[in-house]
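Okay, structure first, notes after.
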Amino acid sequence: MDKKLRVGILGGTGMVGQRFISLLENHPWFEVVTIAASERSAGKTYEEAVGGRWKMDTPMPEAVKNIVVMNVNEVEKVADTVDFVFSAVDMTKDEIKAIEEAYAKTETPVVSNNSAHRWTPDVPMIMPEVNTHHYDVIESQKKRLGTQKGFIAVKPNCSIQSYVPMLTAWAEYEPYEVVATTYQAISGAGKTFEDWPEMVENIIPYIGGEEEKSEKEPLRIWGKVENGVIVPATSPVISCQCIRVPVLNGHTAAVFVKFKKQPTVEDLITKVKEFKGFPQERNLPSAPAQFITYMEEDNRPQVKADVDIYDGMGVTCGRIRKDDTGVYDFKFVGLSHNTVRGAAGGAVLSAECLVELGYIEAK
């Protein structure tokens, strides 16, 4: 790429916005030139607006410290400065839908971390290794919005990154019933242990709305594009419990599966190791060389040892084994980084796919 694309971060002062800024430091294709946030942050430098709320492990990039934060609601003004935007705004769902569509209508592509448009029929919800063919609905979305280049693409919920890749790798064996329990890090709630001390040595067996997302969103990812919209799949049936655990980063899933066609353990491990998608085929900048890494040890994957594999963009899997009780066919454990692969990193990789496919280009 001769010249980097100009990127804006909507909601850049929050935790996911900070993760976008951290991940985009020295990105070979993208340069953060604009940061937009609420009216109370507008007019301040990014360093002033964030203050002591920088939550990343790495320092704030020097290149963004003196960027003057813009008002996210001044849509035309922000859009004039960028080629496309990442959205991590903290608003109600209706407000998010409205503002993301407003940006798209300025002919500015929007790659969103938010959930507001995940069920808009002509908005693709993309896990880049799994369903880039869903970008096909963008043309129908543009007709609805009345745009030539502007559109919205979203990423799915962070919780499903730890088991959907494996189930996708095993599609030929036709999984039809799945039970998954996810053990989810506190950063998924935008928290650290400093601002959520009650989570130290604690487990909370409820995360609002998470179980429904974890059960339904995979079906949309596995759906078909028909008549300009995405029609969700009807199988497998997924039942989830989502539990908040005292871990900073990393969502773990313990999963039971029934298959219509019976594989061996060796078959399942081989399919996991061989599974790759568009990002690996095109060698995109943020793509992990190995999408799913299989761990042979009985005590892996572990959050501390494995969550940062391929800079947090890889997914790890272990303990694939037969269910000797006969209640289910097989069981396994998966792990993904919820704020990298599951949030900002997944959106960055999606944007790279969109550039590679010609949907995002310089204005």
Side-chain angles (χ1 to χ4, degrees), residues 7-20 35-39 71-75 78-79 82 84-128 131 134-135 137-138 140-147 150-161 164 184 187-190 207-221 223 228-232 242 338-339 342-351 354 359-360:
V7 176
I9 312 294
L10 310 182
T13 58
M15 179 178 272
V16 175
Q18 292 177 25
R19 179 66 75 181
F20 273 120
I35 301 170
S38 65
E39 189 176 1
N71 186 339
V72 73
N73 293 302
E74 294 180 347
V75 176
V78 173
V82 299
F84 76 99
V85 296
F86 290 109
S87 176
V89 290
D90 183 13
M91 299 176 175
T92 67
K93 283 197 175 185
D94 286 343
E95 288 171 336
I96 292 169
K97 282 184 177 181
I99 200 165
E100 289 182 350
E101 287 201 358
Y103 274 93
K105 287 177 179 178
T106 68
E107 303 294 356
T108 304
V110 178
V111 182
S112 179
N113 183 74
N114 297 303
S115 64
H117 274 293
R118 286 182 191 159
W119 289 94
T120 303
D122 59 9
V123 171
M125 180 173 71
I126 301 296
M127 190 177 290
N131 66 327
H134 282 190
Y135 289 132
V137 301
I138 287 174
S140 296
Q141 185 194 147
K142 288 177 182 176
K143 290 177 183 176
R144 174 175 62 85
L145 296 175
T147 59
F151 63 86
I152 302 161
V154 300
K155 53 153 291 297
N157 198 47
C158 53
S159 65
I160 71 174
Q161 316 283 334
V164 163
Q184 299 187 203
S187 58
I207 305 171
E210 203 75 359
E211 288 165 2
E212 182 182 12
K213 294 174 187 175
S214 301
E215 292 168 351
K216 301 301 182 186
E217 287 188 15
L219 298 177
R220 189 166 196 260
I221 286 173
V229 299
I230 297 164
V231 179
C242 298
N338 55 295
T339 67
V348 170
L349 186 56
S350 182
L354 288 161
Y359 287 100
I360 294 177

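This chain uses plain numbering: 1 for the first residue, then up along the sequence.
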Between Met125 and Ile221, is the side-chain contact (heavy atoms from CB on, under 4.5 Å) condition met? List the steps. CA-CA 7 Å; Met125 180 173 71; Ile221 286 173; 3.9 Å; yes
Name all residues meeting the side-chain hydrogen bond (donor to acceptor under 3.5 Å, both in side chains) criterion together with Glu211; count only those two or more places apart in sequence or in a different chain, and write none if there are none. none
Considering residues at least two apart in sequence or located in another chain, which fulfil the side-chain contact (heavy atoms from CB on, under 4.5 Å) criterion with Thr106? Val75, Glu76, Ala79, Thr108
Is a donor from one side chain sitting under 3.5 angstrom from an acceptor on the other, for Asn157 and Ser115? no
Closest contact, heavy atoms only, Arg220 versus Pro121: NH2-O, 3.4 Å
Using atom types as modelled and distance alone, determine if a side-chain donor or acceptor of Lys97 lies under 3.5 Å from a backbone N or O of His117. no
Does Asp90 CG have over 12 foreign heavy atoms under 6.0 Å away? no
Pair listing, ring-ring contact (aromatic ring centres under 6.0 Å, His included) test, anchored in residues 85-115, at least two apart: Phe20-Phe86, Phe84-Phe86
Could you tell me which residues satisfy side-chain contact (heavy atoms from CB on, under 4.5 Å) with Pro124, sequence neighbours excluded, listed by chain and number? Ile126, His134, Tyr135, Val137, Ile138, Gln141, Ala153
What is the minimum heavy-atom distance between Gln161 and Gly342, and which atoms define it? CG-CA, 3.7 Å
Which residues satisfy the side-chain hydrogen bond (donor to acceptor under 3.5 Å, both in side chains) test with Glu74, sequence neighbours excluded? none
Under the rule for side-chain hydrogen bond (donor to acceptor under 3.5 Å, both in side chains), what residues qualify as partners of Glu100, not counting sequence neighbours? Ser87, Ser112, Asn114
Thr120 side chain vs Val123 backbone, donor-acceptor pair below 3.5 Å: no
Salt bridge (charged side-chain N to carboxylate O under 4.0 Å, His left out) with Asp122: which residues, sequence neighbours excluded? Arg144
Beyond-backbone contact of Leu354 with Val111, side-chain heavy atoms, under 4.5 angstrom: yes
Evaluate the criterion side-chain contact (heavy atoms from CB on, under 4.5 Å) for residue pair Val154 and Val110; output intermediate values, then yes/no. CA-CA 8 Å; Val154 300; Val110 178; over 6 Å; no
Across all chains, not counting sequence neighbours, the salt bridge (charged side-chain N to carboxylate O under 4.0 Å, His left out) partners of Lys142 are Glu139
If we only count heavy atoms from C-beta on, is the Val72 to Ser38 side-chain gap below 4.5 Å? no
Tell me which pairs pass salt bridge (Lys or Arg N to Asp or Glu O under 4.0 Å) where either residue lies in residues 104-118, with sequence neighbours left out. Arg118-Glu217
What pair of heavy atoms forms the shortest contact from Ile360 to Ala351, and how long is it? CD1-O, 4.2 Å
Considering non-hydrogen atoms only, spot the tightest contact between Ala343 and Asn113 and give its length. CA-OD1, 3.2 Å
Short side-chain donor-acceptor distance under 3.5 Å, Ser214 and Ser159: yes
Under the side-chain contact (heavy atoms from CB on, under 4.5 Å) rule, what do Ile207 and Gln184 come out as? Steps first, then yes or no, please. CA-CA 9 Å; Ile207 305 171; Gln184 299 187 203; 3.7 Å; yes
Report the residues that fulfil side-chain contact (heavy atoms from CB on, under 4.5 Å) with Lys216, sequence neighbours left out, ordered by chain and then residue number. Trp119, Glu212
At their closest point, which heavy atom of Pro128 faces which heavy atom of Ser350, and how far apart are they? CG-N, 3.9 Å
Distance check, rounded to the nearest 0.5 Å: Leu10 atom CG versus Asn73 atom CG? 10.0 Å
Using side-chain hydrogen bond (donor to acceptor under 3.5 Å, both in side chains) as the criterion, list what pairs up with Thr147, not counting sequence neighbours. none
Of all the heavy-atom pairs spanning Arg19 and Ala344, show the shortest one and how long it is. CG-CB, 3.5 Å
Test side-chain contact (heavy atoms from CB on, under 4.5 Å) on Gln18 and Thr13; report intermediate values, then the result. CA-CA 6 Å; Gln18 292 177 25; Thr13 58; 5.7 Å; no
Indicate yes or no: at least one non-hydrogen side-chain atom of Ile99 is less than 4.5 angstrom from one of Met91. yes
